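In what follows, a single structure is set out as structure tokens and then discussed.
Along the sequence shown, residues carry numbers from 1. Model, not experiment: these values are computed from the prediction.
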Amino acid sequence: MSATPSKLGFNATWAMAVGGMIGGGIFSTLGVVVGIAGALAWLSFVAAGVIALAAGYSYVKLAAHYNRGGGAFTFLLAINQRNFAGTLAWVLIVGYVLTNAVYAVTFGEYLGHVIGLGPWVPRVTGIAIIALFILLNLRGVGVAGGVEILLVWFKVIALLGLASWGLIHWDPPALSRGVPEANLLAALFGAASVFMAYEGFQLLTYDYEDIDNPKRTLPLAVLSAIVVVILIYVTVALGTTMLIGADQVIAHKEVALAIAGEKAFGTVGLVLVTIAAAFSTGSAINATLFATARLAHRVATDGELPAAVDHHNRLGVPDRAVVGLGVIAAVLVATGSLIALVEAASLTFLFTFAVVCTLAFRLGAGHRLITGFGALAGALACIALVVQLLQSDPLALVFLGVLVVIALFGRPLLLRKLGTRQP
């Protein structure tokens, strides 16, 4: 499928969807999900992927229904749910900031593991990579479609090569070494906890107008990309854990793939996996910061963020949004733990996806069997993750709860005080 000039064709759209999901997802979440689901970590990725498929289906059907992008915020505005749209937009922006913090922490951990200078290195390098992409975004420097395709294939080949080596050395007992006996409920809790590993595809809905023949290209690219990513995650979860054992994946959860790469191929494997992690997390930070800043600009334009956010520099970049979102992510890098950030981000996206599936179901956009399943599964996964957070990290849940209360009740007061654009 060829693209018209300046438009994204199928190859670039598919690569951006895959890159948005893999861009930090498996590097950040493997240790988290193995710690929860043990030997059934692979099933957690399948379960989360099935919900993501239903959500992706709902997103593309709603985009086609309205023939415009913008994601959940735009879809809710279209049915005159302005207050809900504004509240959800604030929650979703928080989710993206948390996700960027996860990617930056992961970048820092992999680089710090290779450098080995001390525990301060991951945090400092994580903050530094965010600062770098703030500057690049302010200068209007993005990753072109062709570059994104090359980066995605490098990541995919590196991950599948490592996983295949682990599968060749078939060792099922390694999947449960040093972890409690797995059960189906644990796998479902694991799926909810690492759902952020699949959120990246929705960034494409903000680029709807930039995609060639979007009503055809977007569904094919998004849904096929989710299927491919599910297969990659399952393969990596099995192959990596068989290489080093579940106990080592948990013990080195921040850099589990680097440990596996080193065991499989020595220093070469360590370096290749670290490069793949750096490319993955770096491109994901760039793409997420770019898309979130533009979402914030769109929300501000519609009067649901302070008017001060709706500002562009001479290159047309929403500079205040880029700087503000990047600085908040950097603060979280300096203060937050990887597990808490992953689970908090997952909860925001699960809730958003459940809302989108519900909206698609109500409007009859697509088959109601699929959209209804997505709404129900997303809601149940939200409940499961809340239970998980109550047991493992109640402070993260309190943090999210306070943000939701601010978005729901404090937002109108803040907007009146600070001033907004007239929608």
Side-chain angles (χ1 to χ4, degrees), residues 1-27 49 52-53 55-57 59-64 66-71 74 96 99-100 103 133 136-137 139-160 197-233 275-295 297-298 315-318 322:
M1 185 184 300
S2 60
T4 58
S6 77
K7 292 280 189 176
L8 296 170
F10 174 81
N11 288 338
T13 306
W14 183 88
M16 290 176 71
V18 172
M21 287 180 278
I22 291 181
I26 191 67
F27 293 97
L53 267 175
Y57 178 83
Y59 266 95
V60 298
K61 288 299 182 182
L62 283 171
Y66 292 116
N67 195 30
R68 62 187 302 191
T74 298
Y96 285 133
T99 300
N100 252 352
Y103 293 154
F133 283 114
L136 289 177
N137 272 268
R139 293 177 61 84
V141 179
V143 178
V147 175
E148 183 66 22
I149 292 172
L150 292 175
L151 288 176
V152 165
W153 279 111
F154 174 79
K155 292 181 286 191
V156 168
I157 291 171
L159 287 171
L160 290 180
Y198 287 103
E199 62 81 21
F201 74 82
Q202 67 171 315
L203 297 176
L204 283 173
T205 63
Y206 306 136
D207 301 324
Y208 186 84
E209 289 79 11
D210 297 319
I211 297 173
D212 188 54
N213 191 9
K215 287 189 176 181
R216 173 175 171 78
T217 302
L218 193 62
L220 285 174
V222 166
L223 298 180
S224 63
I226 294 172
V227 171
V228 168
V229 169
I230 293 172
L231 295 175
I232 291 172
Y233 283 172
I275 292 173
F279 281 169
S280 294
T281 52
S283 63
I285 292 168
N286 186 50
T288 305
L289 185 60
F290 180 92
T292 310
R294 277 144 188 81
L295 172 62
H297 159 66
R298 173 64 185 274
L315 297 174
V317 176
V322 168

- Item | Check against side-chain contact (heavy atoms from CB on, under 4.5 Å), Val152 and Ile22 | CA-CA 8 Å; Val152 165; Ile22 291 181; 6.0 Å; no

[atom2] on [Y] to [atom1] on [X], rounded to 0.5 Å:
X      : Y      : atom1 : atom2 : value
Thr13  : Met16  : OG1   : CE    : 7.5 Å
Leu62  : Tyr57  : CG    : OH    : 10.5 Å
Ile232 : Lys155 : CD1   : NZ    : 10.0 Å
Ile285 : Asn137 : CD1   : CG    : 11.0 Å

State which residues pass side-chain contact (heavy atoms from CB on, under 4.5 Å) with [X]; sequence neighbours excluded, sorted by chain then number.
X      : result
Ala225 : Trp14, Ala17, Val18, Met21
Leu53  : Leu223, Ile226, Val227, Ile230
Ile157 : none
Pro318 : Ala293, Arg294, His297, His312, Ala321

- Message: Between Tyr103 and Asn286, is there a side-chain heavy-atom distance shorter than 4.5 Å?
- Response: no

- Under 3.5 Å, is there a donor-acceptor pair between the side chain of Thr217 and the main chain of Asp212? yes

- Of all heavy-atom pairs between Leu203 and Ala291, which one has the smallest distance, and what is that distance? CD2-CB, 3.6 Å

- Task: For Phe10 and Ser224, work out which heavy atoms get closest and say how close.
- Result: CZ-OG, 4.1 Å

- Message: I'd like to check the side-chain hydrogen bond (donor to acceptor under 3.5 Å, both in side chains) partners of Tyr96; sequence neighbours left out, ordered by chain and number.
- Response: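 Once residues adjacent in sequence are excluded, the partners of Tyr96 under the side-chain hydrogen bond (donor to acceptor under 3.5 Å, both in side chains) criterion are Gln202, Tyr206.
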
- Message: Run the ring pair (Phe, Tyr, Trp, His ring centres under 6.0 Å) test against Tyr59 and tell me which residues pass, sequence neighbours left out.
- Response: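 With sequence neighbours excluded, Tyr59 shows a ring pair (Phe, Tyr, Trp, His ring centres under 6.0 Å) to Phe201, Phe353, given in chain and number order.
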
- Message: Name the residue from Thr292, Leu136, Leu289 that meets the side-chain contact (heavy atoms from CB on, under 4.5 Å) definition with Val322.
- Response: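 Passing option: Leu289.
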
- Item | Residues Arg139, Val317; criterion side-chain contact (heavy atoms from CB on, under 4.5 Å); working and verdict | CA-CA 8 Å; Arg139 293 177 61 84; Val317 176; over 6 Å; no

